[in-house]
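Because the structure is predicted, anything quoted here is derived from the model rather than measured. In this chain, numbering begins with 1 at the start of the sequence shown.
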Amino acid sequence: MDVRGKTRLGDFLIKNGVITSWERDNALSEQGRTGARLGGVLASLGYVTDDAVVDTLSCQLGIAVADFSSASPSMEILRLAPEPFARKHFLCPVGVDDVSGAVIVAMADPLDLFVMDELSARFPSGILPHISTEKRIQNAIDHYYGILVSEEVPDKTGKDFATVVILHEADKSSAPVARLVESIIVSGVEERASDIHIEPTSDGLLMRYRVDGVMVLAQAPQRRYAQAVISRIKIMAKLDIAESRVPQDGGFELPVSGRRMEFRVSTFPTIYGESVVVRILSGGDARLGMGELGLSGATLRDLKKAVRGRAGVLIVTGPTGSGKTTTLYSALSEISAREKVVVTIEDPVEYRLKYVRQTQVNPKGGITFSKGLRSILRQDPDVIMVGEVRDHETAAIATQAAMTGHLVLTTLHTDNAASAVTRMLDLEVEPYKIASTLVGALAQRLVRRICEKCHGGNGITECRHCRRSGYHGRIGLFEFLTPDDTIRELIMSRSPSSVVMRHACDKTGMATMREDGMEKAKRGVTTIDEINRVAPED
């Protein structure tokens, strides 16, 4: 057992104030019982986070943090550090230093002298240790060694590798690509991505994650593995792997970090091959309260009042990806579902809600928003959530339900709160029905939060917590229109949304999304650049 290396790590963390000697001793005792690595034991006991260990060692020892997004280990380098050796010691070669020619090795414990000696023997050109967490190294091993094994799978059928993977999906020959795809997905989850984009190009394969609403590059498999990766994802999503000329949609579930997560898959044919987008759904229960979304002050007060009303239509509006569905779930959390019958029809169901009957649209099975809504009305509901109003029939049924005593929550795609009225008129809902049922329209956008670790915004680029962007997470900008008598008269006369908006701002005190954003920027929650990105001045 590597006692010297492991003990040094504990002593080093004590010296730098990361843990106490009692915590180290307790962790060493637990390590002796389980045989796990000291860093992992410390993290499992809650004494320290993996990132804290990495940050301490990086700063104090001057060891760079491994950047897997630019990693490109050759097959020869990987073979010199076989996968069992890499997994045992939590390390992964990631490339060669351009200046010294030394092999760059990502390590969970660069203080492990025995492993350092072994690496030096394996790589005569020298090694340059970089540091990372055990989890990120495991993902890198899955990624790069999966490619290595895939390359060495013999083609005994005379067919290309993608076909071999498809034909033998159930046996061990598909395991390397399966591991590779799983590592891509797990990395996306760990990077807090909402979507994973895999795009064939003229000269390779492009992979990007959408993190906090912004696309960032990720390390992509080599182009020759593109078809195998895409086929594997299609198999997981139960799509037709023989069809690549038309778009397809599907989904799958996968356990990630101890919880079962849902993923929605969309394929789209391009001139270079099929492009795949994997949408990462949070799954589980919705737990965000309205305040956590960024709602505050009069906006929060008026929205809560509307949600707690007995009947009416509440509309949340904004572009795709602006967090409308999350806001609807948060609104439902304000309703006592134990005492009321709450039914939803969604596309897709993104969270599981206790005491709520949830269903998902299925056009092939005859369940559309309008047909599902008609059926819901026969379920004796008190509250109905309709994922989106897309057509006249759905809009008409929703407003009629509100007129007969139901509270209806739904979404539209419009630029601001006042335009929700115009959109309902465009869907040919009678003005008197809109005027009599509308209890509020909430417009929203999402902006990136300034990273709490480095307080960077646009100014700091060295914090790993925020991927050197200065931002971590997102928060909403909101405006909430509460109809008064004048607004109802404007609706009846089909007045333009600009007139409704002007009255709401001048007479009812409604703050616009931009004004809400400027207030958040003053408090150091976000930046002016972010406000200008999503809510520019008129």
Side-chain angles (χ1 to χ4, degrees), residues 299 302-303 305-307 309-320 322-325 327-328 331 345-347 361 368-374 376-377 383-445 478-514 535 538:
T299 301
D302 293 344
L303 178 59
K305 181 179 179 181
V307 169
R310 294 189 59 185
V313 176
L314 173 64
I315 300 172
V316 180
T317 183
T320 300
S322 60
K324 301 186 296 296
T325 302
T327 299
L328 285 181
I345 180 164
E346 309 171 49
D347 182 22
V361 297
T368 62
F369 278 120
S370 57
K371 291 182 179 178
L373 184 52
R374 287 187 185 278
I376 286 173
L377 290 173
V383 181
I384 303 169
M385 186 183 100
V386 183
E388 183 183 346
V389 170
R390 298 175 178 173
D391 52 53
H392 164 72
E393 187 177 8
T394 306
I397 300 170
T399 50
Q400 186 62 39
M403 293 183 73
T404 55
H406 302 88
L407 178 63
V408 180
L409 283 62
T410 191
T411 73
L412 289 171
H413 291 274
T414 65
D415 289 335
N416 55 47
S419 295
V421 174
T422 307
R423 178 60 180 149
M424 291 293 281
L425 290 170
D426 290 342
L427 291 172
E428 300 180 352
V429 179
E430 293 90 340
Y432 80 91
K433 288 187 176 181
I434 302 173
S436 62
T437 61
L438 184 66
V439 294
L442 179 76
Q444 66 180 74
R445 298 290 189 278
F478 302 94
E479 63 188 30
F480 187 66
L481 182 148
T482 303
D484 62 4
D485 290 341
T486 301
I487 289 179
R488 299 189 191 282
E489 291 174 3
L490 293 173
I491 294 173
M492 292 292 293
S493 63
R494 297 179 179 269
S495 298
S497 60
S498 58
V499 176
V500 177
M501 190 74 170
R502 190 179 311 117
H503 174 81
C505 293
D506 295 344
K507 302 301 181 180
T508 71
M510 183 186 81
T512 66
M513 284 183 287
R514 183 172 179 83
D538 295 331

Distance, nearest 0.5 Å, that separates [atom1] of [X] from [atom2] of [Y]:
| X | Y | atom1 | atom2 | value |
| --- | --- | --- | --- | --- |
| L481 | N416 | CG | CG | 9.0 Å |
| L438 | L314 | CG | CG | 8.0 Å |
| K507 | T486 | NZ | OG1 | 9.0 Å |
| F369 | T410 | CZ | OG1 | 7.5 Å |
| T482 | I487 | OG1 | CD1 | 8.0 Å |
| R502 | L490 | CZ | CG | 10.0 Å |

Evaluate the criterion side chain to side chain contact (heavy atoms under 4.5 Å, CB included) for residue pair T512 and M501; output intermediate values, then yes/no. CA-CA 9 Å; T512 66; M501 190 74 170; 4.2 Å; yes
Ignoring hydrogens and geometry, is there a side-chain-to-backbone donor-acceptor pair from [X] to [Y] under 3.5 Å?
| X | Y | result |
| --- | --- | --- |
| Q444 | V316 | no |
| E388 | L412 | no |
| T394 | R390 | no |
| E479 | M513 | yes |
| T437 | K433 | yes |
| H406 | V383 | no |
| T414 | S419 | no |

Would you indicate whether D506, at its atom CG, is surrounded by more than 12 heavy atoms from other residues, nucleotides or ligands within a distance under 6.0 Å? yes
Give the C-alpha distance, both sets of side-chain angles, the deciding distance and a yes or no for side chain to side chain contact (heavy atoms under 4.5 Å, CB included) between T411 and L328. CA-CA 8 Å; T411 73; L328 285 181; 3.3 Å; yes
Is the shortest side-chain heavy-atom distance between [X] and [Y] below 4.5 Å?
| X | Y | value |
| --- | --- | --- |
| I491 | S493 | no |
| T404 | Q400 | yes |
| T399 | M424 | yes |
| I384 | L373 | yes |
| R445 | P319 | yes |
| P483 | V439 | no |

What's the shortest heavy-atom distance between [X] and [Y], and which atoms?
| X | Y | value |
| --- | --- | --- |
| L377 | A401 | CD2-CB, 3.7 Å |
| A420 | I315 | CB-CG2, 4.2 Å |
| V429 | A396 | CG2-N, 4.3 Å |
| A402 | V408 | N-CG2, 4.2 Å |
| L409 | A331 | CD2-CB, 3.9 Å |
| S497 | T422 | CB-OG1, 3.3 Å |

Looking at R423 and D415, does any basic side-chain N land under 4.0 Å from a carboxylate oxygen? no
Salt bridge flag under 4.0 Å for residues K371 and E393: no
Set out, in order, the CA-CA distance, both residues' side-chain angles and the distance that settles side chain to side chain contact (heavy atoms under 4.5 Å, CB included) for L442 and L303, then state yes or no. CA-CA 8 Å; L442 179 76; L303 178 59; 4.0 Å; yes
Take V361 and I345, measure what side chain to side chain contact (heavy atoms under 4.5 Å, CB included) needs, and give me the verdict at the end. CA-CA 7 Å; V361 297; I345 180 164; 3.8 Å; yes
